[in-house]
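Here is the structure we will look at, set down as structure tokens.
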2 protein chains.
Amino acid sequence: MEEIHLVFARNLKAIREKEKLSLEKVSQLSGVSKTMIGQIERGESSPTLTTIWKIANGLKVSFSELIHEPQPETEVIFGEDIQFLTEDHGKYIVYPHFPFQKDRRFEIYRIEIEQGGTLNAEAHREGTEEYLTVFDGELIIRIQDRDYRLSSGDAIRFKADRPHTYINPCDTVTRLSMTIYYPR
Amino acid sequence: MEEIHLVFARNLKAIREKEKLSLEKVSQLSGVSKTMIGQIERGESSPTLTTIWKIANGLKVSFSELIHEPQPETEVIFGEDIQFLTEDHGKYIVYPHFPFQKDRRFEIYRIEIEQGGTLNAEAHREGTEEYLTVFDGELIIRIQDRDYRLSSGDAIRFKADRPHTYINPCDTVTRLSMTIYYPR
DNA sequence: CTTATATGTACAATATAACGCACATTATGT
DNA sequence: ACATAATGTGCGTTATATTGTACATATAAG
């Protein structure tokens, strides 16, 4: 996921050049200093909400035009490029393949749990659902004192707006796909 | 026009309370400090683009949900409440009745020009148009060496993407309505 | 009532956004 | 070529966004 302020930077510069405006002109139109406009365009600064507003008004463009990242029709994410996260002393590894995007309502992760690895997850927002598919090993999902044991090839859907626990009961690694859906 | 960060503040607090989340929880979800969340909600801070992003992601809400100001069906603007601007040593007074809004494409001002008042306006963006209606006095609009003289009751539309000048040639005040339209 | 826990605010310290000015470089005109 | 203006960047200063800790108040538990 590209840094948001770099998206902003690129969009701002594109709009400015499309309108054939100088930094000075944008500065006058928006009431934001020329220096700051330059820094923002170069991605050296993450503008404040009020300055974003000033710029949007000065340029007569919508907020979303400035933060919109053009989505390619096809997108490839290579595993080695993903910045993963770990829990439970490195035994629980999360690969965020498709993080949340405002216009979608879900995000997709890949999870690896080493032998004996465990993770206690807090309750998510009301109505949130999780969809898990196990690819390798065994997985126990504990939800409200109920245990569900899944093997490779199994899948489960459950309401994630309550605490739940992921457990790898075996001595082999467990690998699974996780999709989280946020309603509304 | 209400300050944008106050709109953000209200929306954030509304969403948080709707979800029954504490400041602490929002902090964990977003990775922004509890203190900062509190300050933003109280309108004491104008958050940075990156923190706006963090909050939007943590709460799984769209950017626009946080900056959207619910528009009442009917809105009354009292002249005395308007913060006016002056040019030409106070002889040219601007009352911004309906400033630009992203989803609209125009803004409406009321202008008063004292006797002998003059304003040289820079060229606006390509395609911009102005619609003027004179209510009192006389007005001369100078566009590319052409003078257009208007009296009370007259109106004019012209392309404002070039320099133009407003002149009150009389010894009485000139009052007019100005609508600026931004294409695309 | 007392103790513990949670929730929101006040405060001091730090990081960084924002500004004004000066500089280097590039266009523009004569 | 030269002067002039315009454009974008570097720098020091100021303003403020952000954080962590401590505090106050409320809420729940015993």
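Letters A, B, ... mirror the listed sequences (proteins, then strands); counts begin at 1. Heavy-atom basis, side chains included; hydrogens, waters and symmetry copies ignored.
- At its two ends the helix from dC1(C)-dG30(D) to dT30(C)-dA1(D) runs along axes set 30° apart, each axis drawn from five pairs and the angle rounded to 10°.
- Across the protein-nucleic acid pair, K54(A) atom NZ and dA18(C) atom P stand 8 Å apart, rounded to whole Å.
- A cation-pi contact links R110(B) to Y95(B), judged by a cut-off of 6.0 Å to the six-membered ring centre and 45° from its axis.
- Other members of the hydrophobic cluster containing I140(B), listed by chain and number, are I167(B); membership follows side-chain contacts under 4.5 Å among ILVMFWY residues, whether direct or relayed.
- In this structure, L23(B) atom CG and dG8(C) atom P are separated by 4 Å, rounded to whole Å.
- Between F158(B) and H164(B), the ring center distance clears the sub-6.0 Å criterion.
- In this structure, NE2 of H5(B) is placed 14 Å from P of dA18(C), rounded to the nearest angstrom.
- In this structure, L49(B) places its CG atom 10 Å from P of dA17(C), rounding to the nearest Å.
- Within the structure, every side-chain polar atom (N or O) of S22(A) is placed at least 4.0 Å from both OP1 and OP2 of dA6(D).
- For D161(A) and T128(A), the side-chain atoms include no donor-acceptor pair closer than 3.5 Å.
- Cation-pi geometry between R146(A) and Y148(A) is met: the NZ or CZ atom falls under 6.0 Å from the ring centre, inside 45° of the normal.
- Tested against L21(A), the residues E17(A), K18(A), K25(A), E24(A) include a single side-chain contact (heavy atoms from CB on, under 4.5 Å) partner, K25(A).
- Per the geometry, CZ belonging to F8(A) stands 13 Å off P belonging to dA17(C), to the nearest Å.
- Projected onto DNA chain D by closest heavy-atom contact, S45(B) and K13(A) fall at different nucleotides, the more 5' of which corresponds to K13(A).
- Of the listed nucleotides (dG8(C), dA17(C), dA18(C)), dA17(C) has the atom at the smallest distance from the side chain of T48(B).
- Atom CD in Q28(A) sits about 13 Å away from atom P in dG8(D), given to the nearest Å.
- Rounded to an integer number of Å, the gap from CD of E24(A) to P of dT9(D) is 14 Å.
- Using a 4.0 Å cutoff on non-hydrogen atoms, the parts of residues 32-44 of chain A near DNA chain C are V32(A), S33(A), T35(A), M36(A), Q39(A), E44(A), ordered by number.
- Between E129(B) and K159(B) there is no salt bridge, since none of the side-chain N atoms of the basic residue sits less than 4.0 Å from a carboxylate O of the acidic one.
- A heavy-atom distance below 4.5 Å is not found between the side chains of P96(A) and E107(A).
- Outside the 6.0 Å centre-distance limit, the rings of Y181(A) and F106(A) are not counted as a close aromatic pair.
- Per the geometry, CD1 belonging to I52(B) stands 14 Å off C1' belonging to dT18(D), to the nearest Å.
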